[in-house]
Student: 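Pasting a structure below so you can have a look.
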Amino acid sequence: MADYVGPLHSWLIKNGLGESVNHTLVVSISLFVTLICACIVLGHLLEEVKWASESIVSLILGVGTGFIVLIISGGKNSHILQFNEELFFIYLLPPIIFNAGFQVKKKHFFRNFASIMLYGAAGVFISFVIISFGCRYIFPHLGLNLAPRSYLALGTIFSATDTVCTLQVLSQDETPLLYSLVFGEGVVNDATSVVLFRTIQKLGTASINGLTALGMFADFIYLFLSSTVLGVAAGLLSAYIIKTLYFGRHSTDREIAIMTLMAYLSYMIAELFYLSGILTVFFCGIVMSHYTWHNVTESSRITTKHTFATMSFIAETFIFLYVGMDALDLEKWRLADKRQSFSIFGVVIALVLVSRAAFVFPLSAVANFFTRSEAGKITIRQQVIIWWAGLIRGAVSIALAFNEASLTIFTRSGSTIFPDNATLITSTIIAVLFSTVVFGMITKPLIGWLLPPHMRRPAVDSEPSSPKEANIDHTVDGNLELPLLTERLQNLRNGVARRSSLRMLLEAPTSTIHRMWRSFDDAYMRPMFGGRGFVPILPGSPGSS
């Protein structure tokens with residue numbers, strides 16, 4: 001517990017506010033909770049300000065608080081609590097990613113799944129290569145020489161995006177295609193970056209060659225698939241348990257508890273076996289929203305929907321607050337070469353801009369080539385927004401830079417006594433601050449200019465595809481896209497023979513796969529695991545009245 005006590009300990013003791021480490025911890029947490037409340041209030045008051053978003057407000061408030069703490073501590077530190085990468089990866093990240101999967105509009109996500117994977121997986125590899133090689137050939141000219149593995153680590157750290165600012169100003173209902181692409185890419189991008197980073201950690205001091213690169217790719221595919229399977233299995237298990245045991249007949253608290261704990265358990269099991277907890281808990285959230293959430297009572301549905309969203313919101317605010325405070329850590333700045341830090345920062349930002357454009361626009365052209373529906377094509381305006389959304393670097397980049405393994409790469413067994421190592425960390429902090437504040441402030445005006453209200457097309461779905469949509473009345477059959485459905489009805493009226501499944505798959509792959517999945521889901525999955533249409537006849541449930 002003492003590891004999380006900040007630099008205020010001696011000051012609090014001196015002023016009679018802290019008698020022990022435990023009491024100091026209570027005071028520090030109280031101050032941090034107060035800051036989170038202040039972020040919520042300020043975020044609400046600045047809701048209509050074009051340049052502001054809650055993440056930017058939290059970051060700026062964190063910098064201001066860090067400055068005050070720095071003065072109080074006599075210039076020793078700028079933190080209220082001693083944050084580390086374990087706190088981020090074990091406690092803060094799981095609720096954010098799980099809620100993302102739990103609240104996502106599944107139909108839009110999987111309809112654009114190929115494009116999302118292009119951006120989030122293939123795009124990360126392209127960005128990783130460009131940034132790694134760019135750092136490898138530019139940094140020596142700036143007087144910074146690193147080991148080959150360190151350049152690869154830098155490539156993964158600065159390939160991790162943070163799309164929170166963009167998602168806060170996009171609407172799932174007004175811009176469903178754009179939102180699903182930005183949101184989906186953000187989640188897959190973070191997962192891919194973490195998995196790729198851990199793959200690089202396993203390289204040790206081995207030389208980098210073609211065989212090593214092939215092994216990295218195979219390891220990545222294994223981690224990606226195994227993590228996804230684990231998340232789906234955990235979600236299905238929770239659905240089966242709740243459907244079979246009827247927790248709600250005795251206590252709705254047990255339903256909520258089992259959902260929350262099994263989601264967290266899936267993340268921890270993934271971490272235990274060195275898989276991607278991000279992917280696991282994300283797909284666990286998707287499966288839970290499709291099956292488990294429909295098996296609980298109505299009161300539990302309302303409670304879980306808001307509880308998961310609230311936990312995610314608090315965790316995001318906490319992260320941005322601390323990143324702002326960490327920017328004023330004088331220990332790093334004393335050791336770092338300030339001029340070199342800003343030179344490296346400029347190189348990194350330039351590489352991020354180039355690497356982002358190098359895959360967004362070409363991969364968008366590939367996605368459009370294989371998309372038959374005009375409504376599903378990604379316009380040039382949307383491509384610019386997707387490119388801009390991924391320029392922001394945030395908490396994942398910071399966490400990777402401070403991860404124990406990355407400290408071994410950058411700070412040689414956790415020591416920050418080397419100026420080059422401190423320079424790399426301060427450069428990362430500058431890049432995160434600059435991209436979040438500058439790029440984030442321009443995001444809302446840019447989206448308003450590129451996508452004015454008359455160019456936004458509301459989404460029309462057939463069913464509640466996520467807890468957010470549960471109370472919306474949908475009247476359009478969603479098994480097929482509307483043009484294909486109209487064509488089939490016309491063919492039936494005219495006596496035209498039904499086309500083969502293979503032909504339909506080739507002509508409308510997304511619609512056909514969705515129809516085949518719906519048939520399989522209705523016939524086999526929902527009878528066993530529940531889901532939409534399952535009504536538990538229990539007090540307080542939708543079917544009990």
Side-chain angles (χ1 to χ4, degrees), residues 89 93-94 97-98 100-102 104 106 109-129 152 155-156 159-161 180-181 183-203 211-240 262-292 359 363 366-367 370 396 400 405 509-510 513-514 516-517 520-521 524-525 529:
F89 280 107
L93 192 59
I97 302 300
F98 174 75
F102 192 73
V104 68
K106 296 183 293 295
F109 179 81
F110 287 106
R111 179 178 293 166
N112 302 298
F113 189 72
S115 299
I116 289 172
M117 291 303 296
L118 278 176
Y119 292 137
V124 166
F125 277 97
I126 295 173
S127 178
F128 160 72
V129 170
L152 297 180
T156 58
S159 294
T161 64
S180 65
L181 290 175
F183 166 81
E185 188 220 343
V187 174
V188 176
N189 176 290
D190 287 347
T192 304
S193 298
V194 173
V195 171
L196 187 59
F197 185 83
R198 291 181 177 177
T199 304
I200 292 172
Q201 291 175 1
K202 298 179 182 179
L203 293 177
L211 187 61
T212 305
L214 185 62
M216 287 175 55
F217 181 74
D219 195 21
F220 168 78
I221 294 298
Y222 162 74
L223 289 175
F224 196 94
L225 294 178
S226 55
S227 302
T228 301
V229 170
L230 177 60
V232 172
L236 291 176
L237 180 60
S238 68
Y240 183 79
M262 289 203 68
Y264 188 67
L265 181 63
S266 71
Y267 182 90
M268 295 308 298
I269 291 177
E271 294 297 310
L272 179 66
F273 289 100
Y274 301 101
L275 303 177
S276 171
I278 294 178
L279 272 178
T280 297
V281 78
F282 175 70
F283 280 98
C284 179
I286 289 179
V287 174
M288 278 193 175
S289 70
H290 188 68
Y291 295 110
T292 313
F359 75 82
L363 294 182
V366 173
F370 289 101
V396 174
L400 290 179
T510 303
I513 291 174
H514 181 255
M516 294 169 64
W517 161 249
F520 175 80
D521 193 28
Y524 300 102
M525 300 297 288
F529 299 105

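Each residue takes its place number in the sequence, starting with 1.
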Student: Stepwise, does the side-chain contact (heavy atoms from CB on, under 4.5 Å) test hold for E271 with F89?
Tutor: CA-CA 10 Å; E271 294 297 310; F89 280 107; 5.6 Å; no
Student: Give a yes or no on this: more than 12 heavy atoms of other residues, nucleotides or ligands lie within 6.0 Å of atom CZ of F125.
Tutor: yes
Student: What's the separation between atom CE in M117 and atom OG in S115, rounded to the nearest 0.5 Å?
Tutor: 11.5 Å
Student: Taking the side chain as C-beta and beyond, is there a heavy-atom pair between F197 and F128 under 4.5 Å?
Tutor: no
Student: Give a yes or no on whether the backbone of Y222 and the side-chain of S226 come within a donor-acceptor separation of less than 3.5 Å.
Tutor: yes
Student: Determine whether a donor-acceptor pair (N or O, by modelled atom type, separation under 3.5 Å) exists between the side chain of N189 and the backbone of S159.
Tutor: yes
Student: Let me confirm one number: the CG-OH distance from N112 to Y119, rounded to the nearest 0.5 Å.
Tutor: 9.5 Å
Student: Please give me the minimum heavy-atom distance between S276 and S227, naming the atom from each residue.
Tutor: N-OG, 2.8 Å
Student: Taking only residues two or more places apart in sequence, or in another chain, which ones meet F359 in a ring pair (Phe, Tyr, Trp, His ring centres under 6.0 Å)?
Tutor: none
Student: I need the minimum non-hydrogen distance between A270 and G277, along with the two atoms involved.
Tutor: CB-CA, 3.7 Å
Student: Checking the side chain of T192 only, and the main-chain atoms of G120 only, is there a donor and an acceptor separated by less than 3.5 Å?
Tutor: yes
Student: Can you tell me how far CE of M525 sits from CZ of F520, rounded to the nearest 0.5 angstrom?
Tutor: 5.5 Å
Student: How long is the span from the OH atom in Y267 to the SG atom in C284, to the nearest 0.5 Å?
Tutor: 13.0 Å
Student: Would you call F529 and H290 a side-chain contact if the rule is heavy atoms closer than 4.5 Å?
Tutor: no
Student: Between I116 and L181, does the side-chain contact (heavy atoms from CB on, under 4.5 Å) criterion hold? Intermediate values first, please.
Tutor: CA-CA 6 Å; I116 289 172; L181 290 175; 4.1 Å; yes
Student: Determine the interplanar angle of the F109 and F183 rings, folded into 0 to 90°, and report it as parallel if under 30°, tilted if 30 to 60°, perpendicular if over 60°.
Tutor: perpendicular
Student: Within the 4.5 Å heavy-atom criterion, are I97 and F282 side-chain neighbours or not?
Tutor: yes
Student: Are L118 and E185 side-chain neighbours, meaning at least one heavy-atom pair lies under 4.5 Å?
Tutor: no
Student: Tell me every residue that passes ring pair (Phe, Tyr, Trp, His ring centres under 6.0 Å) with Y264, counting only those two or more places apart in sequence or in another chain.
Tutor: none
Student: Taking the side chain as C-beta and beyond, is there a heavy-atom pair between T292 and V287 under 4.5 Å?
Tutor: no
Student: Which atom names give the shortest non-hydrogen contact between S238 and M288, and what distance separates them?
Tutor: OG-CE, 3.4 Å
Student: For the side chain of T156 and the backbone of S193, is there at least one donor-acceptor N/O pair under 3.5 Å apart?
Tutor: no
Student: Indicate yes or no: at least one non-hydrogen side-chain atom of I269 is less than 4.5 angstrom from one of L230.
Tutor: yes
